[in-house]
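For reference, the structure I am asking about is given below.
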Amino acid sequence: MSPTLILSLIAGYFVVLIIIAYLTSRGATSESFFIANRNAPWYMVAFAMIGTSLSGVTFISIPGMVAGQGWSYMAVVLGYTVGYLVIGTVLMPLYYRLRLVSIYTYLEQRFGFWSYKTGAFFFLLSRAVGAAFRVFLVAGVLQLAVFDSLGVPFAATVTIAIFLIYLYTFSGGLKTILWTDTFQTLAMLICVAVSIYLMAHELNLGFAGLVKTVKESSMSQIYFSDPKDDKFFWKQFASGAFITIVMTGLDQDLMQKNLSCRNLADAQKNMFWFTIAIVLVNIFFLSLGVLLYQYAAAKGIALPTNPETGAVIGDAVFPMLATNHFTLFAGIVFILGIIAVTYASADSALTALTTSFCVDMLGIGQYEEKKQKSIRQLTHFGFSVILIVIILIFRAINDQSVITAVFKAAGYTYGPLLGLYSFGIFTSRGLRDKLVLPLCLFTPMLTYFINHNSEAWWGYKFGFEILILNGLLTFLGLWLISRPRNLELNPVA
């Protein structure tokens, strides 16, 4: 694929997004920017959330990791279903009862000012880092496919990418994003389906043969044997449940979409159907990974390897095959798919960061609409710059699979949120509010120390369940700084 063709695809794609943004942002207010006026159809929210939840990390890293990890990630996905059940039955009723715009307002009503600011701070940190990881991955692919040959530096690639997101989200916010993410989710799913179909055709596999090939491959293994292994099924399953609770239920980004539904019943329907869809889509991604390696072996294609270890670079497998060895049509579909899934995640994150900072840190509701618009747009621009800076830092230091990096970071930054909400919902005690921030800064450091030494101490290797440990330590710490409270004076629970 020529750089000119790819640039033309990107330009055409963003013309479509900007047209959608123009049509949906007319007459937008702060309420439509933050929660889409609370009248979004549940089925549209469910479909749009697929693209937001998956991102370019899923698109590239999950197919690439099957050679080394098998289908161990499927245990995480099955754990998602438990997490979504908790969100739909515990968290959503709470958020709708309090009619929240930012979900972290709950912490102020339950514990106080510093708990509220602490929760918002950890979200802002978590989502900014997570969104930067996702854009970094796709910017790297585009850099190799297009911009290196044109002599464009990576910093310029990233700046252009974030600027385009800013361009179509700064006015309409969530109201626009529900439409653009619906379009982008569809583009992503078409890409996966086309890639699977074309490889099955090249390998002379019908549907039954495709299923048999994936099922019988050693790369579709799920690990049940060693509880100390970080791929052990039940560890991954539990991790998936807690990852979902914090990265969806305690995350302003995805809950902002859920809060845009007309009522609680619609939001719960959205969550039910979304759960089914996300499991099926991840099965497609894992199947795609098996087929990618089967295709490369059948065609005698040498896959990119790490020069130091000789191991296959999983994150490079799908991009390399799609842009260099698939048909031109398949390559075009891949480029559109990866752009779609990444921007569906990144645009939503940028809007959520803007929402949380405006509502939680600046108290934007106290101003008139004209002032709110000015603050909102300035904040939106500021977070665009912050994302660029984080991406450039990550490029300088990253030396591991991006999917692993994202969830490892989440284990440390979302753990305090898990502890805070668990303590608020499952206990009736109050907190010494001023001690909450120091505690929540300390527990991730303690978690890191334990994780760093666990193999030497116990022969145990932590995986994604590091999040559970962090949340538990935070919960125990909150208990130590807690005290009985007068439920009549502070009735939120």
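Throughout, residue positions are numbered sequentially from 1 according to the sequence presented.
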If we only count heavy atoms from C-beta on, is the R97 to L94 side-chain gap below 4.5 Å?
yes
Please assess N270 against N258 for the test side-chain contact (heavy atoms from CB on, under 4.5 Å), listing each intermediate value before the final yes or no.
CA-CA 8 Å; N270 150 58; N258 284 282; 2.4 Å; yes
Using side-chain contact (heavy atoms from CB on, under 4.5 Å), reason through V135 and L387 one step at a time and then give a plain yes or no.
CA-CA 9 Å; V135 177; L387 289 180; 5.9 Å; no
Mind checking what makes side-chain hydrogen bond (donor to acceptor under 3.5 Å, both in side chains) contact with T159, not counting sequence neighbours?
none
Identify the two heavy atoms, one from L431 and one from F423, that lie closest to each other, and give their separation to 0.1 Å.
CD2-CE2, 3.6 Å
Does some side-chain heavy atom of L480 sit less than 4.5 Å from a side-chain heavy atom of L476?
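Contact flag for L476/L480 side chains = no.
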Using residues 437-445 as the side-chain source, report each donor-acceptor pair under 3.5 Å to any protein atom, sequence neighbours left out, with the distance given to one decimal.
from : atom 1 : to   : atom 2 : distance (Å)
T443 : OG1    : L439 : O      : 3.4
T443 : OG1    : T474 : OG1    : 3.0

Are side-chain heavy atoms of I450 and W458 found at a separation under 4.5 Å?
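Yes, at least one pair of side-chain atoms sits under 4.5 Å.
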With a 3.5 Å distance limit and no angle check, can you tell me whether T105 reaches the backbone of S102 through a side-chain donor-acceptor pair?
yes
Side chains of Y96 and L259: does their closest heavy-atom pair fall under 4.5 Å?
yes
Between L91 and L250, does the side-chain contact (heavy atoms from CB on, under 4.5 Å) criterion hold? Intermediate values first, please.
CA-CA 8 Å; L91 293 175; L250 305 183; 3.9 Å; yes
Could you pull out the closest heavy-atom pair between A132 and I391, with the gap in Å?
O-CG1, 3.4 Å
Close side-chain approach of D251 and V246, heavy atoms under 4.5 Å
no
Calculate, to the nearest 0.5 Å, the distance between atoms OH and CG belonging to Y448 and N453 respectively.
9.0 Å
What one should report as the nearest heavy-atom pair of L350 and S384 is CD2-OG, 3.6 Å
Looking at residues at least two apart in the chain, or sitting in another chain, which of them share a side-chain hydrogen bond (donor to acceptor under 3.5 Å, both in side chains) with Q143?
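D148, T157.
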Residue pairs passing the ring-ring contact (aromatic ring centres under 6.0 Å, His included) test where at least one lies in residues 344-370, sequence neighbours excluded
F357-F383
Would you check if the side chain of S374 reaches a backbone N or O of K371 as a donor-acceptor pair within less than 3.5 Å?
no
Give me the atom names and distance for the closest heavy-atom approach of A352 to Q256.
CA-OE1, 3.3 Å
Report yes or no: do Y412 and N451 form a side-chain donor-acceptor pair below 3.5 Å?
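Yes, because at least one side-chain N or O of Y412 sits under 3.5 Å from a partner of the opposite role on N451.
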Are any non-hydrogen side-chain atoms of R429 and P484 less than 4.5 angstrom apart?
yes
Between the OG1 atom in T182 and the CD1 atom in I50, the distance rounded to the nearest 0.5 Å is 9.5 Å
Distance-minimising heavy-atom pair for V66 and G289:
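Heavy atoms of V66 and G289 come nearest at CG2-C, 3.5 Å.
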Flag the pair W71 / F285 as yes when their ring centroid distance falls below 6.0 Å, and as no otherwise.
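No, ring centres 6.0 Å or more apart.
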Find out whether H380 and C358 are in side-chain contact, i.e. whether some heavy atom of one side chain is under 4.5 Å from a heavy atom of the other.
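Result no, sub-4.5 Å side-chain heavy-atom pair not found.
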Roughly how far, to the nearest 0.5 Å, is CG of L417 from CG of L125?
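Rounded to the nearest 0.5 Å, the CG-CG separation comes out at 10.0 Å.
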What residues form a side-chain hydrogen bond (donor to acceptor under 3.5 Å, both in side chains) with Y104, not counting sequence neighbours?
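In terms of side-chain hydrogen bond (donor to acceptor under 3.5 Å, both in side chains), with neighbours along the sequence ignored, Y104 is linked to no residue.
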Rounded to the nearest 0.5 Å, the OH atom of Y414 sits from the CE atom of M247 at a distance of 5.0 Å
Sequence neighbours left out, what passes side-chain contact (heavy atoms from CB on, under 4.5 Å) with Q377? Give chain and number order.
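Testing Q377 for side-chain contact (heavy atoms from CB on, under 4.5 Å), a comparison that skips the adjacent residues, returns F170, K373.
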Shortest non-hydrogen contact from F274 to A46?
CD1-O, 3.6 Å
What pairs of donor and acceptor atoms, side-chain ones from residues 111-124 against any protein atom, are under 3.5 angstrom apart with sequence neighbours left out?
from : atom 1 : to   : atom 2 : distance (Å)
S115 : OG     : D433 : OD1    : 2.7
Y116 : OH     : V359 : O      : 3.4
Y116 : OH     : D360 : OD1    : 2.7
K117 : NZ     : D360 : O      : 2.2
T118 : OG1    : W114 : O      : 2.6

Does the ring center of Y421 lie less than 6.0 Å from the ring center of Y106?
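So the answer is yes for these two rings.
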Name all residues meeting the side-chain contact (heavy atoms from CB on, under 4.5 Å) criterion together with S260; count only those two or more places apart in sequence or in a different chain, and write none if there are none.
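Listed in chain order: A36, A40, V45, L174, L178.
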Sequence-distant partners of F284, side-chain contact (heavy atoms from CB on, under 4.5 Å), two or more places apart
V192, I196
May I ask you to check whether F183 and Y13 place their ring centres under 6.0 Å from each other?
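When the ring centroids of Y13 and F183 are compared, they turn out to be within the sub-6.0 Å range.
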Any donor-acceptor pair under 3.5 Å linking the side chain of Q184 with the backbone of L17?
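No; zero donor-acceptor contacts below 3.5 Å.
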Under 3.5 Å, side-chain donor or acceptor atoms of residues 81-90 against the rest of the protein: list the pairs with distances, not counting sequence neighbours.
from : atom 1 : to  : atom 2 : distance (Å)
T81  : OG1    : L78 : O      : 2.6
T89  : OG1    : L85 : O      : 2.7

Of all residues at least two apart in sequence or in a different chain, which pass the side-chain contact (heavy atoms from CB on, under 4.5 Å) check with W273?
W42, I276
Spacing of T244 atom OG1 and L254 atom CG [to the nearest 0.5 Å]
10.0 Å
Which residue pairs satisfy the salt bridge (Lys or Arg N to Asp or Glu O under 4.0 Å) criterion with at least one member in residues 252-281, sequence neighbours excluded?
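Residue pairs passing salt bridge (Lys or Arg N to Asp or Glu O under 4.0 Å), neighbours aside: R127-D253, D181-K257, D266-K269.
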Parallel, tilted or perpendicular: ring planes of F237 versus W234, cut at 30 and 60 degrees:
perpendicular
Between M255 and Y95, is there a side-chain heavy-atom distance shorter than 4.5 Å?
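SC-SC contact between Y95 and M255 confirmed.
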If you apply the rule side-chain contact (heavy atoms from CB on, under 4.5 Å), what do you find for N470 with L418, and how did you get there?
CA-CA 8 Å; N470 197 357; L418 177 60; over 6 Å; no
Please answer whether the main-chain N or O of R432 pairs with a side-chain N or O of R483 as donor and acceptor at a distance below 3.5 Å.
no
Checking Q236 side chain against F233 main chain: does a donor-acceptor pair fall under 3.5 Å?
no
Looking only at side chains, do D347 and Y168 share a donor and an acceptor under 3.5 Å apart?
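Indeed, the side chains of D347 and Y168 share at least one donor-acceptor pair under 3.5 Å.
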Nearest 0.5 Å, what's the CG-CD distance between N263 and Q268?
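Spacing of CG (N263) from CD (Q268) equals 9.0 Å.
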Kindly determine whether F47 and W179 satisfy ring pair (Phe, Tyr, Trp, His ring centres under 6.0 Å), including the steps that lead there.
CA-CA 10 Å; F47 192 73; W179 285 98; over 10 Å; no
